[in-house]
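What follows is one structure encoded as structure tokens, with my remarks underneath.
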2 protein chains.
Amino acid sequence: MSGPARVTHASTRAAVLDLVRAAGMISRVGLVNATGLTGGTISTVVRGLIDEGLVAETGHAESTGGKRRVMLQLNHFARYAVGVHLDDARITYVLTNLGGAVVARISRAGAGADEQAAVVARVAREVDALIDSVGVERDRILGLGLVAARPSEHHEFGRALERATALPVVLDHDATAAAIGEHWSGGVGATSTFAALFMGTGIGAGIVLGGTTYRGPSGHTGEIGHTCLDLDGPRCWCGARGCLEMLAGPAAVVEQARADRSLSRAAGLVGGRTRAATPVAADFAAISRAARQGNTRAVALLERSARYVAAAARTLANVLDLEVLVLTGPSFAIAGSVYLPVLRAELDSAFIARDAHPISVRLSPSAASAPAIGAAAIVLQSELVPRRQGLRLPEDLAAEEPPVFQQLVR
Amino acid sequence: MSGPARVTHASTRAAVLDLVRAAGMISRVGLVNATGLTGGTISTVVRGLIDEGLVAETGHAESTGGKRRVMLQLNHFARYAVGVHLDDARITYVLTNLGGAVVARISRAGAGADEQAAVVARVAREVDALIDSVGVERDRILGLGLVAARPSEHHEFGRALERATALPVVLDHDATAAAIGEHWSGGVGATSTFAALFMGTGIGAGIVLGGTTYRGPSGHTGEIGHTCLDLDGPRCWCGARGCLEMLAGPAAVVEQARADRSLSRAAGLVGGRTRAATPVAADFAAISRAARQGNTRAVALLERSARYVAAAARTLANVLDLEVLVLTGPSFAIAGSVYLPVLRAELDSAFIARDAHPISVRLSPSAASAPAIGAAAIVLQSELVPRRQGLRLPEDLAAEEPPVFQQLVR
DNA sequence: CTTTCTTTGTTTAGTAACTGAAGAATCCTC
DNA sequence: GAGGATTCTTCAGTTACTAAACAAAGAAAG
């Protein structure tokens, strides 16, 4: 009743492993301090991890007056995971090792309106190619993470891909995946509260609260694209008015640019002239390029968008008491340098909790492939991190179907 | 590794107790289904609770084809808790029983600029009067919950009050308390995701995610009063422009009403003429009264405010995937009937996840004393619900001396 | 009324995951 | 090289569970 805090049974191994991963290098005593477990427990848990080949002893630390600590490190190449990001425009594949580092990466054109069976076969083939390119044995691959903007629409696809690749498939939201990817690749602290602002064609946010990803009761979290920023703004497909996405999302920026003759010409916008799968993505890239080259109209357009995004980001930060905000996704990969200073300025001057703790705003070092990396990270997490803490919920009991295909969103 | 999910050791007793409370009446089999624990475990846990006098057997259910279930109920009068809400305008005290039901309630004028020692003595005296009014033995009172808009400013006050009353004191945010109060008083499901929109002088939100209250790394959560609704709106004290609080909070509504001669006269606004502690609260009440009596200008003013609040609420719901939204706090107690339909309409037409699950918007049945009730509920919770699950957090380690080679992530 | 079946609740033996304490190993200092 | 400091391991004991057998209470059928 009054003893020290404990760890949920099944999660201890995973928690220790996660600490080793997050710390990069740590001793058993370090784990004792970090977990609150006793030395004896850590000793046996670590032995198990070493036996499985997941962790290795790598040298000693300086003495602190007695026996030197034996340092432990993750055996990064003990296991691998595949991440697949289905975007309208492109499909991105990554193979990561246990540390979340990208070992191989390929990117192919999006599937468009192709037959699902054909897409499944193609993706399976490309996953095979990815794995073969670095010659990793199949049984060292923990699974495949599949992420998309609307995961609920890819249910059947995931199931089929599971059969085609013979890998366990987990399905999730791309923005959530991007957040987990940032968290996993170590840029963000293990127990921190942060959001990954994800800008692709739309705008969303993946949310991690105190180290735990937040998915909400139906997986529709972080929809900041529908933050209201103008009560009488233009009507959005969601039913409301003045949504961020309508006012300042990539599609809106492109539309505004197309309406500007001079800018259209200067940036060489694709416009409606081609039948490219995603003229929006292409044109947004063109506008960003023009901005980088000093086109003042392009700069003004992006900065206007950034002001809106910044207001939404501040709202989000104020609601969740965020510690870190990471900009990620294809559009921030291209135009992040314009948005970053605007968001920083907004949060430095108007974040409510700024006296209590700083909020760090940064650009993801791998914004373009963040969702795919995150997809792989979800696999790593689902294998290595606690499946669940606390009570089994009534909803779980309702759906007692065979766990063929693990899905993270409903 | 593969078995059913388990319960954190220390929390089982509390989880079962909480289920009994939430269900009102439940059998052991019901607890088995709700928790996922086995009958044997439930049997022993329930015996313990009965031995402690917290739970009692109360009759039988109809037979479902075999032995009838023995129904269990919380022994509501086994323990009590005191809740104190420090508002600028008023101090509200409640004594609740174990079920969160209010047994006694008093409300006194706010402390204003009085000396702290005097206020502590006065509050302690009034708490004594509250307890004596129903003749509850002191040792049955679990503790005192103290809530305020800016709890960090009442640290020393809480400590002093602890000495003066000889009761354990817990300190928290008033909006968070209101949310816990709603959760505890059973209007909201045990594992639901919801927010309590709290409108006093300012606007905030208490957040409960999947049955767990979310406080954030520094306790500054749910600051939806600083949701941006107009990029070029009036400047707010927080440093930003177009904050909800500036555009549509009670203070803004009052200011707009005062600028309207006809309405000022009709509603009999206090304005700046008196030296009352909180003219805003009094005038907001007067405007609401005028609206109820059919004054179209007052109605228009409040409905305008409601449209802004609704937009902020929608933003919040979209970010957190809310299932329930409760309107609470003094201002909603007065004007909730104007705000409720506007919020309902907004969320029915534009909540992103509305196809996945409904969002229920309702008015708190005890909006005026919700924070105080919540304060008491926090005490009940801190006594009866798991102290902590999972890992020890880095903040706990901060006090300890750092080993030379500590490489934990910050 | 008796038998059989269903459902509820209890008891008991066994197990996983820890703790606590003792001891072994390693290093530093004098 | 003796003694203390620190790290790590071992092992018996505790806790909180599960699984399975059992007992008790009612319903349904004969």
Side-chain angles (χ1 to χ4, degrees), chain A residues 1-17 26-51 55 57 59-72 386-392, chain B residues 1-16 20 25-51 55 57-72 386 388-392 400-406:
Chain A
M1 194 70 198
S2 58
R6 290 217 208 158
V7 165
T8 311
H9 316 260
S11 75
T12 303
R13 187 195 92 120
V16 168
L17 191 57
I26 193 170
S27 70
R28 288 176 180 77
V29 173
L31 289 170
V32 167
N33 293 335
T35 59
L37 300 173
T38 59
T41 304
I42 292 296
S43 188
T44 54
V45 169
V46 167
R47 182 168 43 248
L49 291 172
I50 290 176
D51 287 350
V55 161
E57 298 187 335
H60 296 261
E62 297 277 292
S63 168
T64 58
K67 177 175 173 177
R68 291 180 303 170
R69 300 178 177 184
V70 178
M71 302 310 285
L72 304 165
R387 274 124 215 290
R388 176 174 302 141
Q389 307 175 253
L391 285 175
R392 207 164 147 209
Chain B
M1 198 66 200
S2 59
R6 292 223 208 150
V7 164
T8 311
H9 316 259
S11 77
T12 303
R13 187 193 94 118
V16 168
V20 173
M25 189 185 271
I26 193 170
S27 69
R28 289 176 179 78
V29 173
L31 290 170
V32 167
N33 294 334
T35 58
L37 300 173
T38 60
T41 304
I42 293 297
S43 190
T44 52
V45 169
V46 167
R47 182 167 43 248
L49 292 172
I50 290 176
D51 287 350
V55 161
E57 298 187 335
T58 55
H60 295 262
E62 296 276 292
S63 168
T64 58
K67 178 174 174 178
R68 289 179 304 170
R69 300 181 176 184
V70 177
M71 302 310 285
L72 304 165
R388 177 177 302 141
Q389 309 175 254
L391 285 175
R392 222 164 136 204
E400 298 174 12
E401 80 295 319
V404 170
F405 204 96
Q406 194 177 23

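Residue numbers start from 1 in every chain, and the chains themselves are labelled A, B, ... in the order their sequence lines are given, proteins ahead of strands.
- Rounded to an integer number of Å, the gap from NZ of B:K67 to P of D:dA25 is 6 Å.
- We find that CZ of A:R47 is positioned 19 Å from P of D:dT7, with the value rounded to whole Å.
- For A:R69, whose side chain is taken as the heavy atoms from C-beta onward, the closest listed nucleotide among D:dT9, C:dT8, D:dC8 is D:dC8.
- Phosphate proximity of D:dA5 to A:T64: absent, as no side-chain N or O sits under 4.0 Å from OP1 or OP2.
- Residue B:T38 places no side-chain N or O under 4.0 Å from the OP1 or OP2 atom of D:dC17.
- Counting to the nearest Å, the P atom of C:dC18 and the CD1 atom of A:I42 are 9 Å from each other.
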Could you give me the CA-CA distance, side-chain angles and deciding distance for B:E57 and B:R28, then say whether salt bridge (charged side-chain N to carboxylate O under 4.0 Å, His left out) is met? CA-CA 10 Å; B:E57 298 187 335; B:R28 289 176 179 78; 2.7 Å; yes

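- Among the heavy atoms of the strands lying under 4.0 Å from B:S63 are primed sugar atoms or P, OP1, OP2 only; no base atom is included.
- Residue B:T41 is classed as a base contact, given a heavy-atom separation below 4.0 Å to a base.
- The distance from atom CE of B:M71 to atom P of C:dT8 is 11 Å, rounded to the nearest whole Å.
- Summary of the strand contacts: A:R68 and A:V45 both lie near DNA chain C, and taking for each the nucleotide with the nearest heavy atom, the more 5' one is attributed to A:V45.
- Nearest heavy-atom pair, A:G66 versus A:S63, reported as atom, atom and distance to 0.1 Å: O-OG, 2.7 Å.
- Going from atom CG of B:L37 over to atom P of C:dG9 covers 15 Å, rounded to whole Å.
- The CZ atom of A:R28 sits 10 Å away from the P atom of D:dT10 (whole-angstrom rounding).
- Nearest heavy-atom pair, A:S27 versus A:R69, reported as atom, atom and distance to 0.1 Å: OG-CD, 3.2 Å.
- C:dT10 atom P lies 9 Å from atom CG of B:L72, rounded to whole Å.
- Comparing A:G66 and A:V70 along DNA chain D, the residue whose closest nucleotide (by nearest heavy atom) sits nearer the 5' end is A:G66.
- Closest approach to the A:S27 side chain among D:dC8, D:dC17, C:dT11 is made by D:dC8 (side chain taken as heavy atoms from C-beta onward).
- Whole-Å rounding puts the A:N33 CG to D:dT6 P distance at 13 Å.
- No option in A:I50, A:L49, A:D51 other than A:D51 meets the side-chain contact (heavy atoms from CB on, under 4.5 Å) test with A:R47.
- Considering only heavy atoms from C-beta on, A:L37 comes within 4.5 Å of A:T12 through its side chain.
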